[in-house]
Engineer: 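Please read through the structure below; I'll follow up with questions.
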Number of protein chains: 2
Amino acid sequence: MASIKDVAGQAGVSVATVSRVLNDHPSVSADARARVLAAVESLGYRRNAVARSLRTDQTHTLGLVISDVMNPYFTELARSVEEEARALGYSVIIGNADERPDLQDHHVRNLLDRRIDGLLVSPTDGGSPLMLDAVRAGTPMVFVDRWIPGVEVPVVRADGLAAVRDLVAHLHGLGHRRLAIIAGPAATTTGQERVTAFREALHAYGLDLPEVYIGQGDFQAASGRRVTEGFLDLPEPPEVVFATDNLMALGALDAIRARGLRVPEDIALAAFDDIPWFVHTDPPITAIAQPTGELGRAAVRALVDRIEGRTPESVTLPARLVVRRSCGEPAEPPASPEPPPAQSPAVRSPVRRSQP
Amino acid sequence: MASIKDVAGQAGVSVATVSRVLNDHPSVSADARARVLAAVESLGYRRNAVARSLRTDQTHTLGLVISDVMNPYFTELARSVEEEARALGYSVIIGNADERPDLQDHHVRNLLDRRIDGLLVSPTDGGSPLMLDAVRAGTPMVFVDRWIPGVEVPVVRADGLAAVRDLVAHLHGLGHRRLAIIAGPAATTTGQERVTAFREALHAYGLDLPEVYIGQGDFQAASGRRVTEGFLDLPEPPEVVFATDNLMALGALDAIRARGLRVPEDIALAAFDDIPWFVHTDPPITAIAQPTGELGRAAVRALVDRIEGRTPESVTLPARLVVRRSCGEPAEPPASPEPPPAQSPAVRSPVRRSQP
DNA sequence: CGCAAGGATGTAATCGATTCCATGCGCTCA
DNA sequence: TGAGCGCATGGAATCGATTACATCCTTGCG
């Protein structure tokens, strides 16, 4: 492949001049510029990003370590991250951790070795020494969706508190009293928060969240299936299962279907994370929707701010409830719930599909 | 960040020796090796992949340019590609072309600039000059799923011919006679092939595929919706809609639902590409399943073969029909179809997992 | 007319590795 | 005992860019 030297030779100038043309340095004569450009064209020269990165110590690349690519939520996140990064002149290398801390470490190490300019992480666990070291060493980093407490890194995430309250209000309004939850890994912030939010919302209605109604999942479909089977085997099974991510909801649906039970007649189902498919499942699933695209874009902006020397703040965007049929009752007018926290009315707008 | 020089200083040896230790060159005394390793440890040294790549002219990175990340089929493909690549010591940079030739070019250019060792592409169109140049210049390349005719590049793909025949047999057996298809872009091989296969299979049953029953889609959900609406507006609407990818099937389902029609009672639906969600839609969708994971792995192996100097062959794996309820009739025993081409009985075996 | 200012250009150092070549040393073997 | 071999090691070139510094030339102004 042609190098800058070849171009210089062909154009009859020095490599310095070629480099200046390539970087639009002002101090180049029109004549020289034209000759260089011609040479570039005729040789089909393309700048070697590797050499350039070595010299400038910038790769114009962002690393994104995601918990699970097969999860549509993260896929959408990845997509918006790439789009925004591209708009800002960066490329993105995606690492799929598959909810495994060891894989997460593998990718972080790999990305660091490649000298990416900054790292976007949705941590699978409480943070390995490797990641903490990277933060300490000053690697620009931003957490998305999940984060690691006590680490000085901006966090871009959705706040589901109000939406979970709306969900509980909705469920309570439909007459449900025995509500169960499929939790995510305790090592993840989202895993914990969602359970806490759910429990508190229940308390507000004088309801309890007994231990047997808390199933330990891992954000994967199989665990949703397993936990749901456990619920169904209980002497007094719950009336509602709330899966804290979309894959576990899918697993729950599997398990329920396998027993020959119907949703929502025999048992209701709700999920955290809304995805296009939820409109088409049988029945359509009531879910808490995150502003995924917005999150991805905000995360990239924060990271790039950090890379370019500014000091970004954490960003928290609200999630919202999308009511469908999986909890009983056709989706229709709010019928604002009765008792306690009447703040934040349930939003029922259709699922957004376009992007801003 | 510590460099090899720092390590050399700390260990009291030359950089050459450090490099030898790092690359396990045999000619290093146990003593020197130990001192280097200790220095590496104490400095937390990590090899700079950028510098290394510049010198060795290898990045140990594969580029994957995919037509659409939001399509679960491609997501799964990407995942398996990354897994196999990792197993072989390569990283993967994914570029999402979003079915847009310009974006595809952007990514190819970017990846080439980054001097990736090889490129995996599922082309969005007939091939831009850029891509053809790259091939001519000797960039190791492999096409996955789709390909560009006339270009000397190995292709790893699924053959849906037999499965499409099985599908038509199934539909015919259910009494359907007016079958329509939502085609993909004519610029893609898969877009054309699937229509051709469908038409021929229909012919075998003495059926015709009239122009009005061929809708032009673009592999995105919106086009599936639009085309399906067109079909439903016809004086004589089809009895079956066959969407040639899963997103267009989703769009078709949308459109059908929006008219208040039922699947399969009012109109049947089938799709190319099977995805986990099809089990849970209402009704579960009959689809042609590709051995996606296997395709991804085979593609990586072929590409790495090519990179390491061997000369890989193209690989074609069979797709298979998965019957569900969306075409009528509960899914049950094959009930081998009656009339013509009795060859290639519907394959219902589990997905093959072994490699050639 | 002479000198300073500043534009255009080239030379060479540099980034962090890898690797060829030369050197020094200890051994073996004739 | 000395020639020769091979191992361990260091020096220095190299990959392809960027960029500080030096140099030369052209202008403008006093």
Side-chain angles (χ1 to χ4, degrees), chain A residues 1-40 43-61 89 109-117 137, chain B residues 1-40 43-61 89 109-117 137:
Chain A
M1 200 153 221
S3 82
I4 197 173
K5 237 180 259 177
D6 304 315
V7 175
Q10 173 107 179
V13 297
S14 72
V15 294
T17 300
V18 175
S19 177
R20 286 193 191 96
V21 171
L22 262 28
N23 296 292
D24 340 80
H25 183 101
S27 240
V28 181
S29 68
D31 174 58
R33 163 164 289 119
R35 293 213 312 285
V36 167
L37 260 19
V40 164
L43 292 171
Y45 168 80
R46 300 242 82 223
R47 217 208 220 89
N48 184 330
V50 175
R52 170 172 236 241
S53 293
L54 175 59
R55 184 63 237 250
T56 61
D57 200 33
Q58 296 189 57
T59 49
H60 274 277
T61 302
R109 201 186 324 273
N110 180 29
L111 292 166
L112 256 21
D113 284 0
R114 294 183 125 75
R115 299 303 193 266
I116 43 123
D117 293 342
Chain B
M1 203 152 218
S3 83
I4 198 173
K5 238 180 257 178
D6 304 315
V7 174
Q10 172 107 182
V13 297
S14 72
V15 295
T17 300
V18 175
S19 177
R20 286 192 193 99
V21 172
L22 262 28
N23 296 294
D24 342 80
H25 183 102
S27 237
V28 180
S29 67
D31 175 55
R33 164 165 287 119
R35 292 212 312 283
V36 168
L37 260 20
V40 164
L43 293 171
Y45 168 79
R46 300 241 82 223
R47 217 208 223 91
N48 185 328
V50 175
R52 172 172 231 226
S53 293
L54 175 59
R55 185 62 239 252
T56 61
D57 199 34
Q58 296 189 55
T59 50
H60 274 277
T61 301
R109 199 185 327 272
N110 180 28
L111 292 166
L112 255 22
D113 284 0
R114 292 184 126 73
R115 300 301 195 266
I116 44 124
D117 293 342

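By convention in this document, chain letters (A, B, ...) are assigned in the order of the sequence lines, proteins followed by strands, and residues within each chain are numbered from 1. Just so we're clear, the structure is a prediction, and the values are computed from it rather than from any experiment.
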Engineer: Give the rounded distance in Å between these two atoms: CG of B:N23 and P of C:dA17.
Structural biologist: 11 Å
Engineer: What's the shortest heavy-atom distance between B:I116 and B:L111, and which atoms?
Structural biologist: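 Shortest heavy-atom contact: CG1-O, 3.1 Å.
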Engineer: Output a table of nitrogen or oxygen pairs between the protein and nucleotides 11-15 of chain D separated by less than 3.5 Å.
Structural biologist:
from, atom 1, to, atom 2, distance (Å)
D:dT14, O2, B:R55, NH1, 2.9

Engineer: Can you tell me if A:R33 touches the phosphate of C:dA8, counting only side-chain N or O atoms and a distance under 4.0 Å to OP1 or OP2?
Structural biologist: no
Engineer: Classify A:V13 by what it touches in the nucleic acid, base, sugar-phosphate, or nothing, heavy-atom distance under 4.0 Å.
Structural biologist: sugar-phosphate
Engineer: Categorize B:S19 for me: base, sugar-phosphate, or nothing, with a 4.0 angstrom heavy-atom threshold over every strand shown.
Structural biologist: base
Engineer: Ignoring backbone atoms, test whether A:R52 places a side-chain nitrogen or oxygen under 4.0 Å from the OP1 or OP2 oxygen of D:dG16.
Structural biologist: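 No, A:R52 has no side-chain N/O under 4.0 Å of OP1/OP2 on D:dG16.
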Engineer: CG of B:D6 versus C1' of C:dA17: gap in Å, rounded?
Structural biologist: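 So the two atoms are 13 Å apart, to the nearest Å.
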Engineer: What does B:D57 touch in the nucleic acid at a heavy-atom separation under 4.0 angstrom: a base, only the sugar-phosphate, or nothing?
Structural biologist: nothing
Engineer: Give me the atom names and distance for the closest heavy-atom approach of A:V28 to A:R20.
Structural biologist: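 In this case the closest contact between A:V28 and A:R20 is CG2-CB, 3.6 Å.
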Engineer: Atom CZ of B:R47 to atom P of C:dA17: distance rounded to whole Å?
Structural biologist: 9 Å
Engineer: For A:R115 and A:T17, take the nucleotide of DNA chain C holding the closest heavy atom to each; which residue's nucleotide lies nearer the 5' end?
Structural biologist: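 Nearest nucleotide further toward 5': that of A:T17.
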Engineer: Under 3.5 Å, is there a donor-acceptor pair linking the side chains of A:D57 and A:S53?
Structural biologist: no
Engineer: Please state how far atom CZ in A:R35 lies from atom P in C:dG10, giving the value in whole angstrom units.
Structural biologist: 8 Å
Engineer: Side-chain donor-acceptor pairs under 3.5 Å in residues 4-12 of chain B, sequence neighbours left out?
Structural biologist:
from, atom 1, to, atom 2, distance (Å)
B:D6, OD2, B:S3, N, 2.7
B:Q10, OE1, B:S42, OG, 3.2

Engineer: Send over the distance from A:L43 CG to D:dA17 P, rounded to a whole Å.
Structural biologist: 12 Å
Engineer: Within the side chain of B:R35, is there an N or O that forms a donor-acceptor pair under 3.5 Å with the backbone of B:V13?
Structural biologist: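 The answer is no, because no donor-acceptor pair under 3.5 Å joins these two groups.
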Engineer: Could you go through A:N23 and A:R52, starting from their C-alpha distance and side-chain angles, then the distance that decides it, and tell me whether this counts as side chain to side chain contact (heavy atoms under 4.5 Å, CB included)?
Structural biologist: CA-CA 11 Å; A:N23 296 292; A:R52 170 172 236 241; 2.7 Å; yes
Engineer: Report the distance from atom NE2 of A:H25 to atom C1' of D:dA20, rounded to the nearest whole Å.
Structural biologist: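 So the NE2-C1' distance, A:H25 to D:dA20, works out to 11 Å.
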Engineer: Nearest whole Å is fine: how far is C:dG16 P from B:L22 CG?
Structural biologist: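 Result: 15 Å.
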Engineer: Atom CG of B:D24 to atom P of C:dT18: distance rounded to whole Å?
Structural biologist: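 Result: 11 Å.
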Engineer: For nucleotides 4-8 of chain D, print each protein N/O atom paired with a nucleotide N/O atom at under 3.5 Å, atom names and distance only.
Structural biologist:
from, atom 1, to, atom 2, distance (Å)
D:dA8, OP2, B:S27, OG, 3.4

Engineer: Got a donor-acceptor contact below 3.5 angstrom from the A:D117 side chain to the A:H60 backbone?
Structural biologist: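 Looks like yes, one N/O pair under 3.5 Å.
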Engineer: Using the side chain to side chain contact (heavy atoms under 4.5 Å, CB included) rule, take A:R109 and B:R46 through it: C-alpha gap first, then chi angles, then the decisive distance, then the call.
Structural biologist: CA-CA 9 Å; A:R109 201 186 324 273; B:R46 300 241 82 223; 2.9 Å; yes
Engineer: Between CG of B:D31 and CZ of B:R33, what distance do you get to the nearest 0.5 Å?
Structural biologist: 11.0 Å
